[in-house]
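Within every chain, numbering begins at 1; the chains are lettered A, B, ... in the order of the sequence lines, protein sequences first and strands thereafter.
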Amino acid sequence: MKKEIILGISAYYHDSAAALLIDGDIFAAAHEERFTRKKQDPSFPINACRFVLDQAGITLDDVTAVAFYDKPYIKFERLLETYHAFAPKGLKSFNSAIPVWIKEKLFMKDMLREELAKLGGRIPKLYFPEHHLSHAASAFYPSPFEDAAIVTLDGVGEWGTLTICHGKGNKIKVLKELDFPHSIGLFYTAFTYYCGFKVNSGEYKLMGLAPYGNKHAEETKEIKRKILENMIDLREDGSFLLNMDYFDYATGLSMTNDAKWEKLFGFPRRKSESELNQHYMNMAFAIQEITEEMVLKLAETAKELTKSENIVLAGGVALNCVANGKLLRTKMFKGLWVQPASGDAGGSLGAALAVHYISFGHERTNIEKRDSMKGAYLGPEFSDRDIENVARRYDAKYKKLNDFSELCEKTAELLNNDTVIGWFQGRMEFGPRALGNRSILGDPRCPEMQKKLNLKIKYREGFRPFAPSVLEEDISTFFDIDTISPYMLLVAPVLESRRTKLPEKYEELPLYERLYFLRSDVPSITHIDFSARIQSVSRETNPKYWQLINTFKQKTGYGIVVNTSFNVRGEPIVCSPDDAYRCFMRTEMDYLVMGNYLFDKKEQPNWDKSDNWKEEFKLD
Amino acid sequence: MELLKDLWGYLKDRKKFWLLPLICVLLLIGLLIVLSSSSAIAPFIYTIF
C-alpha cells in the first residue's frame, strides 16, 4: 500500500523548519537556520525540505500533502482589524506591513508552490492548519498520553496568543482562546526588550537573569506591584488583559512605550550590551514570577475544563523551563510533557500531525511509553567519509579510535582534566536545545568551568548559566526531581545535601561575586538560586552519549557533565562536520570529537585569525 | 483569480463580510504604497506581521 507522507512547513516569520511524517511516524525534521547558518532564518526552508526528503529517499512526487503551519488570511484579518481598531495610530507600521502582504504574503499559496517547485516533482495538495492548532498537535500527538489537557502559549499566531485544548485519542478540541494583542509571549518579550536583550532570542537570557534579582528587596516587590496594577489585569482563570498604553507592538515598530515605562519604574530601558545593574535583575525576577503565576493559573483552568490527569505544552513560552519546573512541582497533573521544538519551528511538525490525525482522521496507534519524538534526534547525520573530507580540507590532524568504548575512556579522561570538548555524534537535534549530539561538554565539578565556557568558548554574557546532562538513573542523586527531563525543559533544584552554605547577605553581593561563589559540588551547573535546567540521558534514546557520561561516572563517581550547545554567540547550532571544525578552531575549545575521530587543538594547523565569527554572526 | 476566490471563501467561512469594504480601501491604500516604493522590506523587531 502506498505510504502516506506529509511534509510540514513553518516559514516567513521566524525560525523556519520542515518536518516529514511517514504514515504518522515522525521521520525527520530540521531548522532551516542550521543549513543557511543564519540564526532564526525566516525564509522558505528549502534546505530543510531537501534534507527531510533525501533522508527518506523520496521526491515531492511521493508526498501526499504539504501542511503549512498557519492560516495567512486570518492573520491578514488580524492586521486589518488591529489597524482599524487603533486608527489613526499605527500608520507607520501599516506602511511597513501592508506592502509585504500585498506583494507576497497574500499570495502564500503561489509562493509555497513556487518554492516547492524548486524541489522538483508534482506539487501536492496544500493544507493550512491554524497556528495554535499546529502547536497543540505538536504537543499532544507525540506525547505519551492518550488523554491530556493542552496549553499552547506564544507571541501570536493568527489571532490566538494562547489556547487551552483537550486532546483525546486522535481529536483535539479547542476550549478557550485568548486573542491578540493580549499575549503572554509578547508581554514577556516586552520585558526582554526593556532589559536590553534582543527580541525573540533574548528571552532565555531574561529567564537566566531572573534569579539574580533580590526577591526580598523592596524594589522587586514594587516592580511586581506596579506591573500588576498598571500593565496587566490578571484574572483567576489565568486569562488577562494588557493595558496597551504601555505596549507599542500592536501598531508601532517597537515593543514598549519607553517613556511610560520609565515614568512607572523609575529607570530607563537598558541599552544593549551595557552593564547590567540590579534594577534589571529585579525586574527580570518580578516578570518571571508573574509569568509563572500565569502559567500555573492557566494549568489549573485547563485541569478544571478537561479533568485530565496529564498536561502537554507547546508554543514559545513553553520553553520557559523554570515555569515548567514549577508546574511539575505542584503535582497538579500526573503527567507533564513539553514539545522539545516548542517554538515556531515545531509548528512544521505540528501542522503535519494535524493534517494526519485531524484532516485525514487516522487513529492514534503509536503512543510510545516515553514519546514519539525519538529523542528529538531528527536532523541530518554524517558519515566517516564526510568527517575525513573536512579533515582533508583543513589539513586537520586527528586520531581515529575504532573502538567507541576506547573513545569514551579517552574523552572522559579529558573531561576529568578540565578540558572543554566539542561532541558531535549522529543525528542533529530538532528544537533549540543541543541534547548530546551537537554539544560542548565540560566537567561540572570544575569551579572555573562556567567562566571558561561563557567567556572563552561561547563568548557570551558571564552571568548565563549552564545546564547539566545527567544519567537518567542518577537524576535524583543530584536534583530534587522524581521524573525524567529528556529535553532540558524542566528546571529543578540541586539537592540540599550537595549545596554549600551561603555567606551572610549573599543576595546583596555584587553580581560576579555571587556568580563565582561555589554553590555546590557541581558548581558550574548550579545556578545562582541552586536550580539547574536538567537533561536526563537515557541509554535507550542516546546510547553513545549515555555511554560517555557513564564512563565519566566510572572515573569520577559523577554521572553528570556540563552540556551547552555547539555554537558561539549568535551562531546557529553546528550542523555539519565543517561547521563543527570551524567553530572548534574559532574558539578556545580544547578537543573535538566527531564520530570516532578525536581532534586535539594543539595539533591543528594555524587558523586564519581574520576568520572572525563576530563578523559572520550577529550577536543575539 | 485564485486569490479572489480564496478571499471570498474566507469571508464566507468567517462571516466577516463587514471587512470587505475595509479590505478594498486598505488594499487600495496599500497598493499605492507598493507602487510608490521600490521594495517590500519586512519591518519590525518582532515579526507579528
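- Counting heavy atoms of neighbouring residues, nucleotides and ligands inside a 6.0 Å radius, atom NZ of B:Lys16 exceeds 12 of them.
- With a 4.5 Å cut-off on non-hydrogen atoms, A:Lys109 touches chain B through its side chain but not through its backbone.
- In this structure, CG on A:Leu106 lies 10.5 Å from CG on B:Asp6, to the nearest 0.5 angstrom.
- Contacts of B:Leu11 with chain A are absent, with no heavy-atom separation under 4.5 Å from either backbone or side chain.
- Only the side chain of A:Ile102 comes within contact range of chain B, with at least one heavy atom under 4.5 Å from a heavy atom of that chain.
- Distance CH2/B:Trp18 to CD/A:Glu81: 4.0 Å, rounded to 0.5 Å.
- Under 4.0 Å is where a charged nitrogen must lie from a carboxylate oxygen, and between A:Arg113 and B:Glu2 at least one such pair does.
- Annotation: A:Glu114, atom CD; neighbour count of heavy atoms from other residues, nucleotides and ligands within 6.0 Å does not exceed 12.
- In this structure, the side chains of A:Tyr73 and B:Leu3 come closer than 4.5 Å at one or more pairs of heavy atoms.
- Note that the CD atom of A:Glu77 and the OH atom of B:Tyr10 stand 3.0 Å from one another [nearest 0.5 Å].
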